[in-house]
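Residues: numbered from 1 along the sequence shown.
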Amino acid sequence: MIPSADNLSGSGQRHRGSSKAGKTAYLGLCLALALICSYVEVLIPFPIGIPGVKLGLTNVVIVGILYLSGWRDAAMVSLARVLLAGFFFGNLYSILYSLAGAFLSLIVMVMIKNTGKLHLISVSAAGGIAHNVGQFLVAALVVDNYRILYYLPVLFLVGMATGVLIGVAATGILKRLPSVIRQIGNGL
């Protein structure tokens, strides 16, 4: 963000309002990117023969926000994305599954990230597993059939694999972000 005459005080510092506007614009941009990723996933099937499995492109954005500006911003964008994507591209069930997966994933990623002991890729892999577990729990409630338990090991493996891919992508993107975006993400 380039300072202008109307957002500089006499000492050359930015007014608080301009940083708030920058943060709002940053989160709006992140939400738009997350929605685009959701739409791309709807358009491009993930052909591995397992029903309901997706790559999780949106998690690149969510993991990026988590590392740039914290869990609150990641939770806000994730909630808005799940609701909007569900209304645009899905239905009530897709919203329920996505909410369960997104928030269990975020909780697990925040807890692991806060330990400071694991790399972003490991945090993302754990988030991928947790996302699938969250969706599995909702499915178990909806279907009410114990045989669904046989599907859980596959979901663990797929969640870990896609989480690693998303973690690698997020790491690469975060390394290449311009410093101005990093500053806005960190709250200026």
Side-chain angles (χ1 to χ4, degrees), residues 26-27 29-86 88-90 94-95 97-139 151-178 181-182 185-186:
Y26 160 77
L27 292 175
L29 177 64
C30 290
L31 176 57
L33 288 171
L35 283 169
I36 290 168
C37 290
S38 291
Y39 185 60
V40 166
E41 274 195 329
V42 168
L43 294 176
I44 301 172
F46 194 55
I48 62 169
I50 302 170
V53 171
K54 295 180 182 176
L55 186 56
L57 292 174
T58 303
N59 290 333
V60 171
V61 178
I62 302 304
V63 170
I65 297 169
L66 178 62
Y67 274 82
L68 281 178
S69 56
W71 72 268
R72 285 184 180 98
D73 290 342
M76 283 191 309
V77 170
S78 188
L79 175 63
R81 195 270 320 163
V82 165
L83 293 174
L84 290 172
F88 292 154
F89 320 122
S94 66
I95 293 172
Y97 286 112
S98 293
L99 277 175
F103 282 98
L104 185 58
S105 173
L106 187 61
I107 289 167
V108 167
M109 288 192 300
V110 167
M111 289 172 39
I112 294 173
K113 177 187 176 281
N114 287 343
T115 67
K117 295 181 180 179
L118 294 175
H119 189 270
L120 183 148
I121 295 171
S122 300
V123 170
S124 178
I129 293 168
H131 190 278
N132 286 347
V133 169
Q135 289 188 332
F136 177 82
L137 293 173
V138 171
Y151 196 46
L152 198 54
V154 174
L155 291 177
F156 269 70
L157 292 173
V158 170
M160 185 174 16
T162 58
V164 166
L165 291 173
I166 294 304
V168 168
T171 300
I173 290 169
L174 288 175
K175 284 180 183 176
R176 290 166 181 79
L177 278 180
I181 294 175
R182 288 180 173 282
N186 290 324

field: Student check: side-chain heavy atoms of Val77 and Leu27 closer than 4.5 Å
entry: yes
field: Inter-residue atom distance Asn59.CG - Ser78.OG, 0.5 Å rounding
entry: 7.5 Å
message: With a 6.0 Å cut-off (strictly less than), is the heavy-atom count around CE of Met111, excluding the residue itself, greater than 12?
response: no
query: What pair of heavy atoms forms the shortest contact from Thr58 to Ala34, and how long is it?
result: OG1-O, 3.5 Å
Thr171 side-chain N/O to Gly167 backbone N/O, donor-acceptor pair under 3.5 Å: yes
Can you list, pair by pair, the side-chain donor-acceptor contacts under 3.5 Å of residues 99-108, counting residues two or more places apart and other chains?
from   : atom 1 : to     : atom 2 : distance (Å)
Ser105 : OG     : Gly127 : O      : 2.9

query: Is Leu84 close to Leu31 at the side-chain level, that is, under 4.5 Å between some pair of heavy atoms?
result: yes
query: Does the side chain of Val61 come within less than 4.5 Å of Arg81's, by heavy atoms?
result: no
query: Going from CG on Leu68 to SG on Cys30, what distance comes out if it is rounded to the nearest 0.5 angstrom?
result: 7.5 Å
field: Crowding at CZ, Phe89 (>12 non-hydrogen neighbours, <6.0 Å)
entry: yes
message: For Gly56 versus Ile166, what's the shortest heavy-atom pair and its separation?
response: O-CD1, 3.4 Å
message: Are the side chains of Ser38 and Phe88 in contact, using a 4.5 Å heavy-atom criterion?
response: no
- prompt: Distance from Met160 atom CE to Ser124 atom OG, nearest 0.5 Å?
  reply: 12.0 Å
- line: Rounded to the nearest 0.5 angstrom, the OG-CD distance for Ser94 and Gln135 is 9.5 Å
- line: Tightest non-hydrogen contact, residues Gly86 and Ile95, listed as CA-CG1, 3.5 Å
- request: Could you check if a side-chain atom of Tyr67 sits within less than 4.5 angstrom of a side-chain atom of Val123, using non-hydrogen atoms only?
  value: yes
- request: Could you grab the distance from atom CG of Leu55 to atom CG of Leu165, nearest 0.5 Å is fine?
  value: 6.0 Å
Interatomic spacing from CG in Leu33 to CG in Leu57 - rounded to 0.5 Å: 12.0 Å
